[in-house]
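Working notes, beginning with the structure itself.
Counting begins at 1 with the first residue of the sequence. All of these numbers come straight from a predicted model, not from anything done at the bench.
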Amino acid sequence: MVTIFASFMYTWPIQGLLPTYLEGVGYDPGAVNNIVTFAGLGNAIGYIVAGFAGDAIGMRRWYVISLFISQTLVFPLFIQGGEFVILVSALLFFNQMFGQGVSGLLPKWVASYFPVERRAAGLGFCYNVGALGGAVGPFLGANWPIPTGWEWCWRFCPSDSPSS
């Protein structure tokens, strides 16, 4: 349940706040639509890749490798400030492919912890309670730095940074 919660916490802020961020760095609504659609395509391909890669090298191993790749892509994605549409699109495609796409392994992985006769109930409960991270993640992503004295982190964000 904690793994699923964490998964929703790291993926939903990007999905939920991405259009607002892209508009904030100066993209017009048409460009935002195209970039978000391209990121969604990376997400869909990531589900397929995660299944094959998880079967080939192991679910846990692929999960860790994929998250490492995804989180490594976050830095150049947001530090570059949105100046290069192609770069933003490519980075988001791969970030979503490796970050969100790998979450397709979670139901199979979590189900393996339950005996067959309790698998549906156990997976359903763990997955749906863990999915609450999708409600908490975007809220924290949008609000956490400001009220807790972390204003310094906005120096690394491009465009109009919030003031203290």
Side-chain angles (χ1 to χ4, degrees), residues 1-22 24 35-80 88 90-157 161-162:
M1 192 169 6
V2 171
T3 302
I4 293 170
F5 187 86
S7 171
F8 276 85
M9 284 274 294
Y10 70 75
T11 58
W12 280 57
I14 291 178
Q15 291 179 338
L17 302 173
L18 183 60
T20 303
Y21 168 78
L22 293 172
I35 293 169
V36 171
T37 300
F38 198 61
L41 180 61
N43 182 1
I45 291 171
Y47 289 133
I48 297 166
V49 169
F52 286 110
D55 285 345
I57 66 171
M59 287 186 293
R60 290 180 191 162
R61 182 175 293 151
W62 179 247
Y63 196 82
V64 170
I65 290 169
S66 189
L67 288 182
F68 179 76
I69 293 168
S70 169
Q71 297 309 307
T72 302
L73 293 172
V74 166
F75 296 106
L77 174 61
F78 292 105
I79 288 174
Q80 59 84 30
V88 169
L91 288 170
L92 276 170
F93 177 88
F94 288 109
N95 175 268
Q96 290 297 286
M97 183 176 132
F98 291 108
Q100 178 68 25
V102 76
S103 67
L105 289 178
L106 289 176
K108 180 180 177 188
W109 186 18
V110 173
S112 69
Y113 286 98
F114 295 100
V116 174
E117 61 275 358
R118 294 191 185 110
R119 188 163 290 162
L123 175 59
F125 180 78
C126 289
Y127 192 86
N128 287 298
V129 171
L132 292 173
V136 175
F139 175 78
L140 289 177
N143 296 301
W144 180 39
I146 296 168
T148 59
W150 282 48
E151 292 84 6
W152 61 269
C153 73
W154 288 107
R155 282 187 267 167
F156 298 105
C157 296
S161 299

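For S70 against G99, the heavy-atom pair with the smallest separation is OG-CA, 3.2 Å. Between A50 and L105, the closest heavy-atom pair is O-CD2, 3.4 Å. Closest of all the heavy-atom pairs between M97 and I45 is SD-CG2, 4.2 Å.
Aromatic ring pairs are classed by plane angle as parallel below 30°, tilted from 30° to 60° and perpendicular above 60°; the pair Y127 and F8 is perpendicular. A parallel orientation is assigned to the rings of F98 and F94, their planes being inclined by less than 30° (bins at 30° and 60°).
Taking a 6.0 Å sphere around CZ of R119, one finds it holds more than 12 heavy atoms contributed by other residues, nucleotides or ligands. Counting heavy-atom neighbours within 6.0 Å of W62 CH2, excluding the residue itself, gives a total above 12.
Contact annotation: the side chain of F125 approaches that of M1 to within less than 4.5 Å [non-hydrogen atoms, C-beta and beyond].
With hydrogens and angles ignored, the 3.5 Å screen pairs no side-chain donor or acceptor of N95 with any backbone N or O of L91.
Atoms CH2 and OG, on W12 and S7 in that order, are 10.5 Å from each other to the nearest 0.5 Å. One distance of note links OG1 of T3 with CZ of R60; it measures 9.5 Å at 0.5 Å rounding. If you take CG on L123 and CD1 on I4, they are separated by 6.5 Å, rounding to the nearest 0.5 Å.
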Start with the C-alpha gap between C126 and F114, add the side-chain angles, then the distance that decides, and say whether side chain to side chain contact (heavy atoms under 4.5 Å, CB included) holds. CA-CA 11 Å; C126 289; F114 295 100; 3.7 Å; yes
Determine, step by step, whether F68 and V64 satisfy the side chain to side chain contact (heavy atoms under 4.5 Å, CB included) criterion, reporting the C-alpha distance in whole Å, the side-chain angles of both residues, the deciding distance to 0.1 Å, and the verdict. CA-CA 6 Å; F68 179 76; V64 170; 5.5 Å; no
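Scanning for side-chain hydrogen bond (donor to acceptor under 3.5 Å, both in side chains) contacts around T11 gives Q100, with sequence neighbours left out.
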